[in-house]
Amino acid sequence: MTEARIARVALPGPLDELFDYLPGVMGQPEPGTRVLVPFGRSRRVGILVEYAAECGCDPSRLKPVERALDPRPLFGPTDLTLIRWAARYYRHPLGDALFTALPVRLRESGPLLASGVAGIRLTAAGAALTPAELARAPRQQALLARLLESPEGLAQRNLADELGGITSALRALRAKGLVESCRLEPGAVASADSSAVLAAPELNPEQAAALAAVSEALGGFRPFLLDGITGSGKTEVYIRAIAEVVAAGGQALVMVPEIGLTPQLRERFRTRLPGPLAVLHSALAAGERERAWHQAASGEAPVVLGTRSAVFVPLPRLALIVVDEEHDPSLKQQEGFRYSARDLAVRRAQLVGCPVVLGTATPALETLHNVTAGRYHRLALPRRAGGARPPTINLLDIRNQPLRAGLSPVLRERMHAALATGGQVLLLLNRRGYAPVLTCHSCGWVGVCPDCDARMTLHLGERRLWCHHCGRIESVPRDCPQCGGPDLRMLGRGTERLEEGLTELFPGVRIARIDRDSTRRKGELTRLLAAVHRGEVQILLGTQMLAKGHDFPGVTLAGVIDLDHALYASDFRAPERTAQLIVQVAGRAGRAERAGEVVLQTRHPEHPLLQSLLREGYGGFARAALAEREAAQLPPFTYLALLRAEAPEQEAALAFLAAARAHAEPLCSPEVELLGPVPAPLSRRAGRHRAQLLVQCAQRPALQHFLAHWTPTLRALRRIKGVRWSLDVDPQEMV
DNA sequence: AGCACGCCGACT
DNA sequence: GTCGGCGTGCTC
Ligand SMILES: [Zn+2]
Ligand SMILES: [Zn+2]
């Protein structure tokens with residue numbers, strides 16, 4: 001060890017640099033340990049990141065660390081390396097990145113929970129007692145008897161599993177001083193759960209081949225794309241690979257998009273895999289989250305199931321990473337620390353030296369490009385379990401068609417046919433409310449949001465005008481606010497209006513609408529889905545909510561009412577998202593005895609990407625879309641960073657970006673291109689004007705190099721009144 | 001981020 | 001005369 005080492009500490013907040021301290025009396029704790037340090041005239045909790053031989057600043061200014069807060073580091077070396085890498089790559093302050101990876105209580109100086117498993121053991125008084133003396137309290141007696149057999153103590157959760165409700169009996173025994181809490185080594189605790197592991201179902205040959213490829217790769221870095229159509233049994237492959245890892249004493253990390261972390265998935269993992277399952281979800285209460293974090297970080301939980309933030313959870317024996325629905329945009333954080341959990345999962349696997357499995361039915365074009373380049377290995381599951389046949393997909397040209405309730409005659413006829421044979425119908429319309437526009441027929445007045453460049457949507461159910469961009473609510477005027485005329489008209493169609501139209505077109509047919517409005521009440525979504533599954537609903541309509549995660553085995557016809565709306569959105573990823581939506585919807589229609597049917601209403605049936613999707617499936621679509629991306633020099637053939645700025649005045653936002661651009665130009669190597677500044681697609685939102693400056697570069701290292709020099713100058717830039725800005729590396733949404 | 005310092009308008 | 005507005009800069 002070097003003498004006179006300097007401790008380099010990361011502090012919370014947007015502080016870009018590490019701060020140097022003298023080790024003081026804290027000894028030589030390992031990097032990853034929390035330390036209490038003097039900072040300005042206060043004290044802060046920081047994280048010791050590394051030691052250095054000398055400091056970058058005036059040594060006389062160095063202050064000593066007050067003390068170390070943890071007996072052992074919270075982050076292991078690779079956990080720390082990953083977060084440092086991520087902070088640098090996404091140009092985010094390291095302290096902030098480290099602290100967001102910690103449970104809330106540990107961001108303060110709160111103590112680390114005792115390690116090991118919560119256990120109960122007898123006190124000396126308890127050991128001296130004979131159970132007969134508790135004859136009047138049979139539960140306490142049973143507990144005491146069981147504890148007498150294991151003087152070293154028993155895990156509280158095993159006792160609960162064995163004896164049932166023990167809380168009140170425990171409380172009584174504790175009050176009498178007969179038992180006490182203790183901590184047990186995770187390895188020493190008999191795993192009561194392991195007996196509950198369910199038998200594994202038979203794998204089909206493709207599943208077996210995928211599993212074999214992954215298990216063969218264990219012990220070294222290897223990224224896989226598990227390209228499996230909906231219902232092909234990807235989860236079964238994950239579970240079998242994880243079981244293997246856990247049996248060998250390793251830990252597995254599984255990440256899913258927010259909507260995918262359902263109770264059913266948790267249950268499936270819990271019943272099929274041994275040991276406690278650590279579930280990390282943003283909706284968890286702080287205490288539950290901290291407990292799960294602890295089980296993961298201490299190594300007690302062999303399996304961690306979580307959403308994107310789980311990518312940073314310390315895992316001492318990590319041996320396998322799974323990212324399910326890897327194409328899902330929610331794996332990228334959209335504010336603050338804008339990391340991609342999928343990309344970081346691959347990076348983490350590389351650092352740890354373990355396989356990573358990216359699973360999906362509709363791979364992101366970036367991922368497919370990595371397969372083509374030979375960086376990822378593709379494993380295919382082309383068959384639906386249970387032999388269900390793939391649905392047919394039809395484009396329906398609705399130009400010059402007489403639409404009723406937004407439905408063309410052909411779609412209505414297909415709906416009648418499906419209903420007549422006892423099938424259910426699923427209709428997707430990605431627009432909530434009754435009508436997206438309210439206008440005056442006499443003077444042309446339109447109900448616009450005063451704070452956004454957007455129309456207010458009419459919601460008839462709640463009788464209000466609602467801006468979907470800022471949440472502003474206004475009452476529905478009876479007469480025109482401008483001319484006083486009575487002829488207000490509702491233009492366009494949302495799910496409410498579609499439901500109304502369907503009621504008229506299909507009298508007597510049971511209809512359910514599922515969107516954010518109809519499912520706001522807790523439990524309502526579950527109730528509606530259950531009704532669908534019991535067959536009490538014949539037509540199911542709703543927004544994209546319906547296309548994600550839920551299975552509808554009774555649905556034989558699925559219709560997308562307005563495909564063009566999704567296809568022609570301003571984002572260059574719109575066609576990719578639309579193709580993914582179509583394939584996901586198709587995956588939920590049809591069953592073994594009857595192939596399902598998907599109908600897409602469009603005014604652009606000649607769209608070349610749609611044509612490739614229909615003729616050659618998602619793979620064909622992806623090839624065509626990648627060719628377009630290459631021609632347009634868009635990702636994955638180039639790399640992007642997006643500087644966004646917003647301010648109460650448009651000029652301020654643009655001025656900031658112009659200054660940013662001026663600072664960028666001298667730093668640009670020839671391959672770095674700057675585009676903008678330009679106003680954002682929805683320029684004004686919630687009273688703030690938004691603009692953006694795009695940085696494009698054919699090579700990732702050159703872009704990284706540029707950003708490393710540019711971002712410090714952005715922070716030093718003279719502040720312009722009211723401007724807030726953020727940098728998004730590898731942006732997912734360009735809006 | 002906090003938290004100081006510092007330099008100009010409208011208050012007792 | 002000061003109270004306080006928030007622009008600027010620093011924290012090892
Ligand atoms: Zn009018
Ligand atoms: Zn608005």
Side-chain angles (χ1 to χ4, degrees), chain A residues 2-70 73 80 83-84 86-88 90-110 312 333 335-339 644-649 651-653 655-660 663 687-688 711-728:
Chain A
T2 339
E3 294 234 7
R5 297 207 291 180
I6 301 293
R8 311 203 69 218
V9 176
L11 294 168
L15 299 162
D16 248 347
E17 280 137 38
L18 296 177
F19 290 81
D20 296 342
Y21 288 88
L22 299 167
V25 294
M26 72 165 176
Q28 301 267 293
E30 282 173 62
T33 306
R34 287 179 307 157
V35 289
L36 197 60
V37 293
F39 190 69
R41 58 215 65 201
S42 64
R43 305 139 93 211
R44 295 284 181 89
V45 176
I47 289 165
L48 173 62
V49 167
E50 64 185 6
Y51 288 103
E54 48 195 285
C55 68
C57 67
D58 176 7
S60 66
R61 280 167 54 205
L62 290 186
K63 296 177 184 176
V65 171
E66 226 162 89
R67 65 190 171 93
L69 288 169
D70 307 306
L80 205 52
I83 298 174
R84 293 186 76 176
R88 195 162 50 236
Y90 293 105
R91 310 307 317 166
H92 195 80
L94 176 58
D96 213 51
L98 284 165
F99 278 88
T100 50
L102 285 178
V104 189
R105 209 175 46 89
L106 297 182
R107 297 176 198 174
E108 310 297 324
S109 54
F312 294 119
Q333 177 122 25
E335 62 194 24
F337 185 16
R338 296 168 178 265
Y339 61 92
R644 297 186 178 89
E646 54 163 69
E649 305 300 329
E651 296 68 39
F656 170 82
L657 293 176
H663 282 262
R688 299 182 66 83
T711 38
T713 73
L714 292 180
R715 285 184 228 286
L717 218 56
R718 218 193 91 252
R719 289 194 269 242
I720 302 174
K721 68 279 170 211
V723 174
R724 288 204 292 255
W725 62 271
S726 66
L727 181 69
D728 193 350

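This one's a predicted model, so the numbers in the text were calculated from it and none came from an experiment. Sequence lines set the chain letters: A, B, ... in the order given, protein chains first and strands last, and positions in each chain run from 1.
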Worksheet item: Across the strands shown, which category fits A/L22 at heavy-atom distances under 4.0 angstrom: base, sugar-phosphate, nothing?
Response: nothing
Worksheet item: Roughly, in whole Å, what's the span from CZ in A/R41 to P in B/dC5?
Response: 6 Å
Worksheet item: Would you say A/Y21's side chain and A/P38's backbone share a donor-acceptor pair under 3.5 angstrom?
Response: yes
Worksheet item: Quick one: is the NZ or CZ of A/R44 closer than 6.0 Å to the six-membered ring centre of A/F39, and within 45° of its axis?
Response: no
Discussion item. Regarding A/P38, tell me which of base, sugar-phosphate or nothing describes its non-hydrogen contacts under 4.0 Å with the strands shown.
Written reply: sugar-phosphate
Discussion item. At less than 4.0 Å, is any side-chain N or O atom of A/R61 found next to OP1 or OP2 of C/dT11? Yes or no.
Written reply: yes
Fill in: Side chain of A/D20 (C-beta onward), nearest among C/dT11, C/dT8, C/dC12
C/dC12
Discussion item. For A/L102 and A/I47: C-alpha separation, side-chain torsions, deciding distance, then whether side chain to side chain contact (heavy atoms under 4.5 Å, CB included) applies.
Written reply: CA-CA 11 Å; A/L102 285 178; A/I47 289 165; 3.9 Å; yes
Worksheet entry | Atom-pair distance (CZ on A/R719; C1' on C/dC10), nearest Å | 11 Å
Worksheet entry | Euclidean distance, atom CZ of residue A/R5 to atom C1' of C/dC12 [Å, nearest integer] | 18 Å
Worksheet item: Can you tell me how far P of C/dC12 sits from CG of A/L48, to the nearest Å?
Response: 17 Å
Discussion item. Output the rounded distance in Å from OH (A/Y21) to P (C/dC12).
Written reply: 5 Å
Worksheet entry | Whole angstrom value for the distance that separates C1' of C/dT11 from CG of A/D16 | 14 Å
Discussion item. Once you measure the plane-to-plane angle for A/F312 and A/Y339, does it fall in the parallel (<30°), tilted (30-60°) or perpendicular (>60°) bin?
Written reply: perpendicular
Practice prompt. Using atom CZ of A/R107 as one end and atom C1' of B/dA1 as the other, report the distance to the nearest whole Å.
Written response: 14 Å
Fill in: Nearest-neighbour nucleotide for the A/F39 side chain, C/dT8, C/dT11, B/dA4 considered
C/dT11
Discussion item. Measure CZ/A/R44 against P/B/dC3 and give the value in whole Å, please.
Written reply: 7 Å
